[in-house]
Number of protein chains: 2
Amino acid sequence: MAGIKDVAQVAGVSVATVSRALSGRGSVSASAQEAVQRAAAELGYVVSSSASGLASGRTRNVGVLVPVINHWFYASVLEGISRRLMDEGYDTTLYQLTKDRGQREKVFSDFLLRQRVDAVIAVNVELNSEEVQALHALDKPLVGVGGPLPGVPTLHVDDEGISALATEHLISLGHRRIGFIGGNEETDVDFRVPSHRRTGYEQALHDAGIAVDENLCVGADFTMPQAYAVAKQLLGNPASRPTALMAASDEMAIGAILAARDLGMQVPRDLSVIGVDNHDLAEMFGLTTIEQRPHEQGELAVAMLLRAIRGEEPAHAHKVDHRLVVRSSTSRPLDAA
Amino acid sequence: MAGIKDVAQVAGVSVATVSRALSGRGSVSASAQEAVQRAAAELGYVVSSSASGLASGRTRNVGVLVPVINHWFYASVLEGISRRLMDEGYDTTLYQLTKDRGQREKVFSDFLLRQRVDAVIAVNVELNSEEVQALHALDKPLVGVGGPLPGVPTLHVDDEGISALATEHLISLGHRRIGFIGGNEETDVDFRVPSHRRTGYEQALHDAGIAVDENLCVGADFTMPQAYAVAKQLLGNPASRPTALMAASDEMAIGAILAARDLGMQVPRDLSVIGVDNHDLAEMFGLTTIEQRPHEQGELAVAMLLRAIRGEEPAHAHKVDHRLVVRSSTSRPLDAA
DNA sequence: ATGAAAGCGCTAACAG
DNA sequence: CTGTTAGCGCTTTCAT
């Protein structure tokens, strides 16, 4: 394995010049630049991250905190992050924060303190103040995707706005009895999302002069199967069921559509359904939804972070756009037809 | 940030002793051990990975190569890997191998050569010989999940056995016209899986004295939507359609079930469907399937790797178990009832 | 069992 | 613009 000295020798310059030429820090003559590049390529030289990191304090690696990986949103954000980081020559180190308190603690007291990362991205993890403090103590840039996180610049969609828009869409079609499938206590901890989506839903109803009917609001864990189950409950009674349903995620919306079908209902004739995400499966089910682009969120988070790493600007919160995608799962209610 | 010197001072020993006490390499008296532990805890000392890596050549980090993240199998394997690595005090660094040739090349010519990892796990990536060579040149343990990879110890399910078992299940129920939804050229590159599953299917038919009917075999990209589309095609003609269908993945099987429903067919009355995976959604659809446990595969891969890292044994291929999970999507064919 | 000291391979003053 | 050199914070001989 060739070292910087070898490159210096072959290029006929000093190691300092090699370092400068390859890192782009400090000025190097065109000829030296060229010679170094040539020698490095010839020898297949790649800088040792340990040595470089030790000497410079920069690792070209960022840590990503996620609660789960096997989930459309997280996996997508992760893909966006890792792709973008790789483009910039950065590595991505993954820290999965499980429910296990011990493990979680170790991440903050050990793993992240090893000085292996230049910065940290927290994806939808509800950090407590101690944890935020531990991260701040690292004195490394930190951004959150899907906050808000107290004291941390975050990037996130407007959850309230999203569900308000979804609900307004249903209202504008003429629906008055609009059900809601949100999260439950458990998901609210990790996602921080469900309660905001509920708020937007209620707000939209309120603005339209429609009273919130608690009986039409149920909770699930953001998975299709659980949403299927609760939707079946909700839609089971023909007398009391809603004419439209908003789900806080597309997977839950799809669960609801399947439940409706199994109850002999037709979507959207007997029930309009709208979701949130624009999930890969949304199109197949003709699902009307509010799109959020997790890939882009991941990429944006990286962009923010890099700016902060380079000292160009102290990262500050951004809001990510969303938009309504109308497909065939929503229509005017039967009785208004 | 406390350094090893601080710990040595507080503990009243030399830095060498601190290093030994904390790493478990070399012998240390109980009293020194105790003093060091105490001092380290008090100071919140955590070893610098750069410094330690530079001096020892060990990084306590492993690189994971994946083609995609946003997919049930990969995300699950990744979860298993990262969890298990974390248990062992190792970090997980993610390298996503996209279709982009340039990026992909950079991973092998740059990223992996930075000496940031002690070992590499390749998850279902079809490495060419140059890439395998590049990895071997690293002289770091390497294991593959979902091979086979020429010259690389891998961990994988028996794809042929799996699809043979699935097909046999259908045959044993009395089916003779059994369709197959496999992969296409594109997925075959990444997954390496489709063709093997096709082979097992054909083998099973052959063993039962049933001729393979090309018209009953279609390909998709392992996603639900595309399987839905091709299944609809396949099942559209009542005269020629099969009585049972085996799909090379659960997501595709579910797509097929939905297609059948939309064609007015009842599963399993008019069509039996079996998949492969035991995906999170399988139960909800009552899907009979062959289970493979990606989490376990990830964990096993880590176990193999650690043994190799510790020089306990040169990793060699393992085979992962699978089992038939019978639910309600398969039954005897109508005409045999 | 322990300490002194020589690196590990690079970066960043500093001097020129 | 370039070279010399002193570390970066650890690990690991080598003595003792």
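Scope of the values below: all heavy atoms of this structure, side chains included, with no hydrogens, waters or symmetry mates. Each chain gets a letter, A, B and so on, in the order the sequences are listed, and its residues count up from 1.
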Residue set satisfying side chain to side chain donor-acceptor pair (under 3.5 Å) with A:N61, at least two apart, ordered chain then number -> A:T93
Who passes side chain to side chain donor-acceptor pair (under 3.5 Å) against A:D110, sequence neighbours left out?
-> none
Between which nucleotides of DNA chain D, read 5' to 3', does contact with chain A run, using atoms under 4.0 Å from its heavy atoms?
-> D:dC1 to D:dG9
Applying side chain to side chain contact (heavy atoms under 4.5 Å, CB included), can you list everything that pairs with [X], at least two apart in sequence or on another chain?
| X | result |
| --- | --- |
| B:Q115 | A:M1, A:S48 |
| A:D321 | none |
| A:Q33 | A:A21, A:V28, A:Q37 |

B:R310 meets the salt bridge (charged side-chain N to carboxylate O under 4.0 Å, His left out) criterion, sequence neighbours left out, with B:E88
Pairs of donor and acceptor atoms involving the side chains of residues 9-18 of chain A, under 3.5 Å and at least two apart or interchain, shall be tabulated with distances.
residue, atom, partner, partner atom, Å
A:S14, OG, A:A16, N, 3.4
A:S14, OG, A:T17, N, 3.3
A:S14, OG, A:T17, OG1, 3.3

Just by protein heavy atoms under 4.0 Å, how would nucleotides 8-13 of chain C read 5' to 3' in B, S and -?
-> BBBSBB
